[in-house]
Amino acid sequence: MTFALIDGNNFYVSCERVFNPQLEGIPVVVLSNNDGCVVARSGEVKALGVKMGVPWFQLKDLARKHGILALSSNYTLYADMSNRMMSVLGTYSPQQEIYSIDECFLGFDGLPAADLVTHGQRMRQQVKQWVGIPVCVGIAATKTLSKLANHCAKKGLAGADGVCDFGQMNAEELDTLFGRIEVGEVWGVGRRLTERLAALGITTARDLRDADARTIRDNFSVVLERTLLELRGISCMALEDVAPKKQQIMCLRSFGAYVHSLPELGEAVSGYMARAAEKLRRQQSLAGAVQVFIRTNPFNPKHPQYQRGITLPLPESTSDTLRLTRAALWGLKRLYKPGYAYQKAGVMLLNLSDARTPQGNLFAGHRENPALMQVMDRINQQWGRGTLKLAAEGVGQAWKMRRERMSPAYTTNWKELPRVN
DNA sequence: CTATAACTCTCAA
DNA sequence: CTAACGTTGAGAGTTATAG
């Protein structure tokens, strides 16, 4: 088994640079929703020591000093660029698993082992030329190893130039290399596990690979044991060609300004439910339960804190925005307590089932007519999200998120294409 | 008691 | 000028609850 993992470099920043080459060579970050945290950093910013996920306001001094440019995230643009990148990469293998917006696995079986690096370099070159995004490629016998190889490719370790194939290295070379990689770089090893592993003297990828599998399972979990085996080249995770349907669908968001009143929370919750229900219908599912939650800002110690959620089973599984929204608003009314500054709300759809083989309900008095929802989805797809919506969503929306530094929708909206004279 | 539901924690991008 | 800290999903493990 041979896997390749292709990952866009600083993906969101690279997307922005495709359409604004002046961003090349200068420190750029892309911010999360609400312009809250740093979610993508250019190489220049990484070199300044800025960590992933840092709140933007904490960087103001550093940003001024080094002229860091911050952009609001433009997910429409990134999703479109991702689609282009994925379709180019998809031509390099019959098996592709799109793992996230900026990375995918490819199955590289059946190709001559000696040619894989060349193959990888061709992919990089073509993606750069056709889509404009720089990518790196990791190649190895398991998914976990290919992720690690990708890390090496990005860092230029072991003499890699954008492509790293562990299959070309011998045991000693791999030993040396793994001994220099911190265990936290391994896929599936996060901050918590890094701490606990360190207590056992396991600090590098090599330490974890050579640890006793049974001990790892007993002290940690079967998940970490699988990771360990994968580091040894024993493949425990298959390439998932077809994306399975989601088991839960959620939509949550921080507000651009604190919200205090029930009606305003209701508008937000209705809007989130409309989005969640769209996703639900797209994958042809029905929801059997709805969860709603609201909370104050846990980072603001001056405000009194309140956070609560409620799960409501539905009498009958449905994908009807009206019914789902009614349930959510009913739950919200039970949760709501006046006198708090709410900062975030969200909805979740649970107990999902297949819409094409609906479960019968002896007590269901009526079947719903999906035509209205179909029309709504089509109109919103053609004319833009939110063109047609329930009155419950409101029109004022003072709580809407901040996006003060957004780039135009270059690829999906003619009106926002820059003029060339 | 067991089986399941509900909830918490961790991780990833 | 001020105040300001993301979203979505999976899965394991634990605890609560039902029968």
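Naming: A, B, ... by sequence-line order, numbering from 1 per chain. The analysis underlying the following values was restricted to heavy atoms, covering all of them including side chains, and did not include hydrogens, waters or symmetry mates.
- OP1 and OP2 of C/dT7 both lie 4.0 Å or more from every side-chain N or O belonging to A/Arg275.
- Between B/dA12 and A/Lys147, no contact under 4.0 Å exists linking OP1 or OP2 to a side-chain N or O.
- For A/Tyr258 and C/dA4, the shortest distance from a side-chain N or O to OP1 or OP2 is below 4.0 Å.
- Phosphate contact (OP1/OP2 of C/dA3, side-chain N/O of A/Asn300, threshold under 4.0 Å): absent.
- The side chain of A/Lys344 contributes an N or O atom lying less than 4.0 Å from OP1 or OP2 of C/dT7.
- If you check every strand for non-hydrogen atoms under 4.0 Å, A/Phe11 touches nothing.
- Residue-level contact check: A/Tyr78 touches neither bases nor backbone, having no heavy atom under 4.0 Å from any strand.
- Residue order along DNA chain C, read from the 5' end via each residue's closest nucleotide, puts A/Cys37 first among A/Cys37 and A/Ser221.
- When each of A/Gln58 and A/Lys279 is assigned the nucleotide of DNA chain C with its nearest heavy atom, A/Gln58 is the one assigned upstream, toward the 5' end.
- Phosphate proximity of B/dA6 to A/Gln248: absent, as no side-chain N or O sits under 4.0 Å from OP1 or OP2.
- Taking only side-chain nitrogens and oxygens, A/Ser254 comes nearer than 4.0 Å to OP1 or OP2 of C/dT7.
- Phosphate contact (OP1/OP2 of C/dC5, side-chain N/O of A/Asn34, threshold under 4.0 Å): absent.
- Contact between the side-chain N/O atoms of A/Gln247 and the OP1/OP2 oxygens of C/dG11 is found at a separation under 4.0 Å.
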